[in-house]
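Written below as structure tokens is the structure these notes are about.
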Amino acid sequence: MYRIEVDPHTHTVTSLHAYSTAEECARHGAEAGLKGIVITDHCSQVMAQRMNSVEAIENQKSLPPVMHGVRVWKGVEIDIVDNEGRLAFWDVPDPFRPGKTGAECLLPSREVVIASVHGPFDRAAATVEENTRMYLRVLENPYVDILGHTGRSGRPYQLEPVLKAAKRLGKMIEINSASLKNYGERSGPACLAIAKACKELGVLVTVSSDAHTAYQVGDFSHACAMLDSIGFPQELIANLTVERFQQVLQQRRAALA
């Protein structure tokens, strides 16, 4: 079984449908043996703070970088909002910075950016080819670090071109434990196929809890069981250790610069 030090996908009360503070998430993470967490509240025009998402998430700057001995990265889980791979607030003017959109203001300031599909756009019909093109365009966004829970998005895509693009661009594919725990019957086969393809192609993944309460922080059990069943190599888990995760992020930022 894998010993993973960083939970790269957690939600706080800022997401409204989550139930714990950042401090509570860090404290429970420490109790679970973690050395790092990423706060990735939803930036969405259909969930969470909605029109106040950008302002709420930007104020993560008020959080200390370490709580209860746990490194706390300031991140975001931002919605993919259309088939062209555009992200939330890409066309919404920022009320405080004329001439810029909300996404243009928020994304450069985040230490970790997860881009994920959520409803209701994901209920629209799309072909595998259209979904593939969508994810490729998301990966081309320079600020995106991780493609979030693609196994449960309801958007099947061609694995090889998307995963090869992620590898070429130094980006990560999420193995989301909550997807397997809560939606296993529906998303399990897709998650397994993605994990197998990442192993075969040598693509970096993140293993996450997608916690919506502090009690879930660091719960990777379902994801780790799946990865263990296929002999997934530890060296491809980007968040295995704090040092490894920080190294991958630094390489990403260097490429961005």
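Computed from a prediction, not measured in an experiment: that's the story for all the values here. Residue numbers start at 1 and run along the sequence shown.
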Stepwise side chain to side chain contact (heavy atoms under 4.5 Å, CB included) test for Q246 and W73: CA-CA 10 Å; Q246 188 61 51; W73 284 272; 3.0 Å; yes
Side chain to side chain contact (heavy atoms under 4.5 Å, CB included) assessment of C198 paired with L163: CA-CA 7 Å; C198 286; L163 299 184; 4.0 Å; yes
Candidate pair E77 and S116, rule side chain to side chain donor-acceptor pair (under 3.5 Å), full reasoning: CA-CA 7 Å; E77 182 182 20; S116 306; 2.7 Å; yes
L240/I4 under side chain to side chain contact (heavy atoms under 4.5 Å, CB included): CA gap, chis, key distance, verdict: CA-CA 4 Å; L240 191 69; I4 296 174; 4.0 Å; yes
K171/V144 under side chain to side chain contact (heavy atoms under 4.5 Å, CB included): CA gap, chis, key distance, verdict: CA-CA 8 Å; K171 303 195 175 186; V144 172; 4.2 Å; yes
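A donor-acceptor distance shorter than 3.5 angstrom exists from the side chain of T10 to the backbone of V38, with no hydrogens or angles considered. Y2 places a side-chain N or O within 3.5 Å of a backbone atom of L227 that can act as its donor or acceptor partner. Put simply, the side chain of Q158 never gets that close to the backbone of V128: no donor and acceptor are under 3.5 Å apart. Side chain of S187 to main chain of S179: a donor-acceptor pair is present (N/O by atom type, distance under 3.5 Å, no hydrogens or angles). At distances below 3.5 Å, at least one donor-acceptor pair connects side-chain atoms of S177 with backbone N or O atoms of A223. Distance alone, capped at 3.5 Å, places no donor-acceptor pair between the T213 side chain and the Y19 backbone. Judged purely by atom type and a 3.5 angstrom limit, E55 has no side-chain atom pairing as donor or acceptor with the backbone of N52. Using modelled atom types, no side-chain atom of D7 and backbone atom of I37 make a donor-acceptor pair closer than 3.5 Å. Counting only distance, with no hydrogens or angles, the side chain of D82 and the backbone of G85 share a donor-acceptor pair below 3.5 Å. S15 places no side-chain N or O within donor-acceptor distance of the main-chain N or O of H17, the cut-off being under 3.5 Å.
Taking CD from Q60 and CD1 from I39, the interatomic distance works out to 7.0 Å, rounded to the nearest 0.5 Å. Atom CD1 of I114 and atom CG of D145 lie 8.5 Å apart (nearest 0.5 Å). Interatomic distance, OH of Y157 versus OG1 of T127, reported as 15.0 Å (0.5 Å rounding). Remark: M134 CE to S153 OG distance equals 6.0 Å, nearest 0.5 Å. Here the straight-line distance linking atom NE2 of H212 with atom SG of C25 works out to 10.5 Å at 0.5 Å rounding. The distance from atom NZ of K74 to atom CG of N59, rounded to the nearest 0.5 Å, is 11.0 Å.
Within the 4.5 Å cutoff, the side chain of I80 has heavy atoms near those of the L87 side chain. The shortest distance between side-chain heavy atoms of T206 and I175 does not fall below 4.5 Å. Put simply, the side chain of R97 does not reach to within 4.5 Å of the side chain of E104, judged on heavy atoms. Side-chain atoms of F245 and N239, non-hydrogen and from C-beta on, do get closer than 4.5 Å to each other. The side-chain heavy atoms of Y143 and L106, taken from C-beta on, include no pair separated by under 4.5 Å. Between L201 and K164, the closest side-chain pair of non-hydrogen atoms falls below 4.5 Å. The side-chain heavy atoms of F89 and L107, taken from C-beta on, include no pair separated by under 4.5 Å. V92 has its side chain within reach of Q45: a pair of non-hydrogen atoms, C-beta onward, lies under 4.5 Å apart.
Scanning both residues, H42 and S53, for their nearest heavy atoms gives O-OG, 3.7 Å. What you find for L136 and P161 is that their closest heavy atoms are CD2-O, 3.6 Å. The minimum heavy-atom distance between L159 and A193, with the atom names listed, is CD1-O, 3.7 Å. Of all heavy-atom pairs between P189 and E185, the closest is CD-O, 4.0 Å. For the residue pair V76 and C43, the shortest heavy atom distance occurs at CG2-CB, 3.5 Å. Considering all non-hydrogen atoms of both residues, A166 and L139 come closest at N-CD1, 3.8 Å.
When the side chains of ILVMFWY residues are joined at heavy-atom separations under 4.5 Å, either directly or via intervening members, L169 and I78 end up in a single hydrophobic cluster. Transitive grouping of hydrophobic side chains (ILVMFWY, heavy atoms separated by less than 4.5 Å) brings I230 and M226 into a common cluster. Put simply, F220 and L236 are part of the same group of oily side chains (I, L, V, M, F, W, Y) that touch within less than 4.5 Å, one to the next. One hydrophobic cluster, built from ILVMFWY side chains closer than 4.5 Å, holds both I146 and V242.
For the residue pair H68 / E31, no side-chain donor-acceptor distance below 3.5 Å is found, with atom types taken as modelled. Counting only N and O atoms by type, the side chains of S208 and E174 include a donor and acceptor under 3.5 Å apart.
A salt bridge is absent between R133 and E129; no separation between the charged side-chain nitrogens and carboxylate oxygens falls under 4.0 Å.
Under the side-chain contact (heavy atoms from CB on, under 4.5 Å) criterion, R244 pairs with L204, T241, Q247, V248, not counting sequence neighbours.
With R155 as the partner, the side chain to side chain donor-acceptor pair (under 3.5 Å) test is satisfied by one option alone out of T150, N83, T132: N83.
Ring-plane geometry between H149 and H118 is classed as perpendicular, the angle between the planes exceeding 60 degrees on a 0 to 90 degree scale with a lower cut at 30.
Within the structure, the salt bridge (Lys or Arg N to Asp or Glu O under 4.0 Å) test picks out the following pairs touching residues 195-222 (sequence neighbours left out): R152-D210, K181-D219.
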